[in-house]
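Contents: one structure, followed by commentary.
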Amino acid sequence: MTTSTIRPASDYPPGGDAFRHRHLIGIAQLTPWEISYVLDAAEEWVDLNRSGAAKHDDRLAGLTIINAFFENSTRTLLSFEIAGKRLGADVVNMHAAQSSVKKGETLIDTAMTLNAMRADAMVIRHGSSGAVQLIADKVDCPVLNAGDGRHEHPTQALLDALTIRRRLGRVEGLTIAICGDVLHSRVARSNILALTLLGNEVRVVAPATLTPPAIDRMHVATFTDMDEGLKDADVVMMLRLQNERMDGAYLPSAREYHALYGLTPKRLEKAKPDAIVMHPGPMNRGVEIDSSVADHPTRSTITEQVEMGVAVRMACLDILTRRQRKVAGWN
Amino acid sequence: MELKPLLIANAQLIDGDTPRPGSLLVTDGRIAALDPTETPDGTETVDAKGQWLAPGIIDLGVFATDKPAFHFGGITRAALMPDAGPLDDPGLVERAAKGGKPDLWVHPVAAATKGLAGRDLAEIGLMKSAGARAIATGRNRIADSGVMRRVLAYAASLGLVTIIHAEDEGLTAGAVATDGEMATRLGLASAPAIAEAIAIARDLALVEETGAPVHFRQVTTARGLDLIRAAKAKGLPVLCGITPAHLFLSDTAIGDFRTFARLSPPLRSEDDRLACLAAVADGTIDVLSSGHDPRGPEDKRLPFAEALPGMAGAETLLALGLNLVRDGHVSPGRLFDLLAATPACLLGLDAGRLTVGMEADLILIDDGTPWQVDAKKMAAYAGNTPFDGMPVQGRATAMWKGGLRVR
């Protein structure tokens, strides 16, 4: 494990030029140096989070962050909530199930309502691709995308990149296999963008029915054979398979999927001997991943990903609110 | 009301391939003479000042009766698709037919099946008597081949053309874009472009068997156009159309989740767009229409997949058609075959051409006036145009419907 890849601040453009975005909608808008800037900032928070009892930093004290989740989530919501609170912000959660969205209010109206409550940042998850950008265009505060449809989930890609960097010492020049339901996955899209941008060889390993059309145009190699796709990989990134994909429309059954695409210890042998295994969670044990792989003490990074998630989200909330907080050089 | 005879002088007549200097006399609401040597007493003269004089546009396949937009766009007649309503009842058809008179004529297109549900034949014969000029499958196709075969045969026996939407519903279920890099990057559910060719192929087989005349309202892919081309070579009674959107935009226009570019069928790849332009030039495409479908923010200011498809096209149809002339794809005369003569023929109307005896539905066009499409300043009751901000040239400056000055 190493943190030697952190660049000195002098390597980045000064002040706000280091991260030139009001919102974090997707990886698609970011440059490689902006990604690396966020990762370096997150490293600091990893240290704080591990430092013992007192994890509180008060730089966002007095700011209100609204987590508006129009789609169910436990871990991402919790992760953002903890991140906001550790920075001293007042964090409020809004779940779609208990909101007026169910009463027919349009998304824009909901967004305007939240905006009128003078939030200082909004974290939004929505089931429809493009919904977060639609809201970001209408509100006055920074918006963080916590997942929109099958489009993007940028903080997941950032925390995955950080996890890889800390485990393997770098996140460039690696061979990374992204395996599973790529078609319906925003995690896959954001990771493909981030990891290709950082100079890795990315492979997509998926059943033909779950491979997005023209995915090769995103500079990835595609495989339908899992063993071939894993060959000599440095990183094996598994995706969650939604239960409703296994009912016959896309896949015949869970057991057939496990037989062809499940990550078993034997299959993992195709990858490099020190290859790491990642999963964004929640896992379907015995379907896309065997327990013995998921719980492997040295190769599985699954709990570390969760830990990095809090740090990366702290970094994003800090960076995106600097302009409001009038941090020197950010205007 | 007594109509005075009208002479439009000093015009460039669009009655052949290229505009020619001339004048046109209207009496009793009809074209009485081209280049008359004498005019009746009391004739009112309009100096066209060298502008184009063309037949009023007959917009084949709109989804709303939106008079301000049609008048802005030089549209004197519109064939109204059956989807609102739906138009599956003679009473509704009769009311729709009276909708715009006298300054806009609406020609209802009757629903082919009850409720446009694709199961039971609608009262096509009674609706014809009530004023329906054609029948249509609506925004979707008829999935059941047996029903489609009976619809075609029945409509043909009544002398009506069947207007078809061609997309295979199995392939397009849930899709809001065409398969390709754009849809994949945006994370939008998409369908392969062959969904169109598959639907066309089935219906062409039914046309060959029944002999029924059909019009594919929008053909937007190279594969689909190849099938139409081959069917025409065989002599089948097939026409097809397109809107400017699929001629001037490809699926890159949906970038940033622009819902004004959410259309049905969806915008296609650049290769397909170029194939559509070639098909306009080689005569495979017969009709250019607006597909006018104004939709307000409640339908469009939504996440892309939740927004409804459709565009407000009436105001930009003429200007974008003139782009085809300027880019050398069609002659001015052929443009008005696409916009007026062929639609008139399909609907069985005495209009759409500058010939003696036709209804005097006329427009004057300044083909050079530059203007900019602005979604916020449209005459239509919603400004959902995918061409927002585009600079264009040419607009209708005057308009007569049946010899009556509209603007």
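Lettering follows sequence order; numbering is per chain, from 1. These values consider heavy atoms only, across backbone and side chains, with no hydrogens, waters or symmetry-generated copies. Because the structure is a prediction, the values reported are computed rather than measured.
- A 6.0 Å sphere centred on CZ of Arg119(B) holds no more than 12 heavy atoms belonging to other residues, nucleotides or ligands.
- The two residues Ala131(A) and Pro303(B) come nearest to each other via the heavy atoms CB-CG, 3.7 Å.
- Only the side chain of Arg189(A) has a heavy atom closer than 4.5 Å to any heavy atom of chain B.
- For Ile192(A), no part lies near chain B; criterion is any non-hydrogen pair under 4.5 Å.
- Contact tally against chain B (heavy-atom pairs below 4.5 Å) for Asp216(A), Asp148(A), Ile108(A), Leu183(A): the top residue is Ile108(A).
- No side-chain donor-acceptor contact under 3.5 Å links Thr184(B) to the backbone of Pro212(A).
- Side chains of Ser190(B) and Pro213(A) form a contact here, defined as non-hydrogen atoms less than 4.5 Å apart.
- Contact tally against chain A (heavy-atom pairs below 4.5 Å) for Ala189(B), Pro192(B), Pro297(B): the top residue is Ala189(B).
- In this structure, the separation between CD1 on Ile215(A) and CD on Glu181(B) is 9.5 Å, given to the nearest 0.5 Å.
- Between Ser129(A) and Leu188(B), the closest side-chain pair of non-hydrogen atoms falls below 4.5 Å.
- The 12-atom threshold is not exceeded at CZ of Arg223(B), counting heavy atoms of other residues, nucleotides or ligands nearer than 6.0 Å.
- Proximity to chain B (any heavy atom under 4.5 Å) is restricted, for His126(A), to the side chain, taken from C-beta onward.
- Arg22(A) CZ: more than 12 foreign heavy atoms inside a 6.0 Å radius.
- Between Phe304(B) and Ser128(A) there is no side-chain heavy-atom pair separated by less than 4.5 Å.
- Annotation for Glu71(A): atom CD counts as buried by contact number, over 12 foreign heavy atoms lying within 6.0 Å.
- Rounded to the nearest 0.5 angstrom, Arg301(B) CZ and Asp109(A) CG are separated by 7.5 Å.
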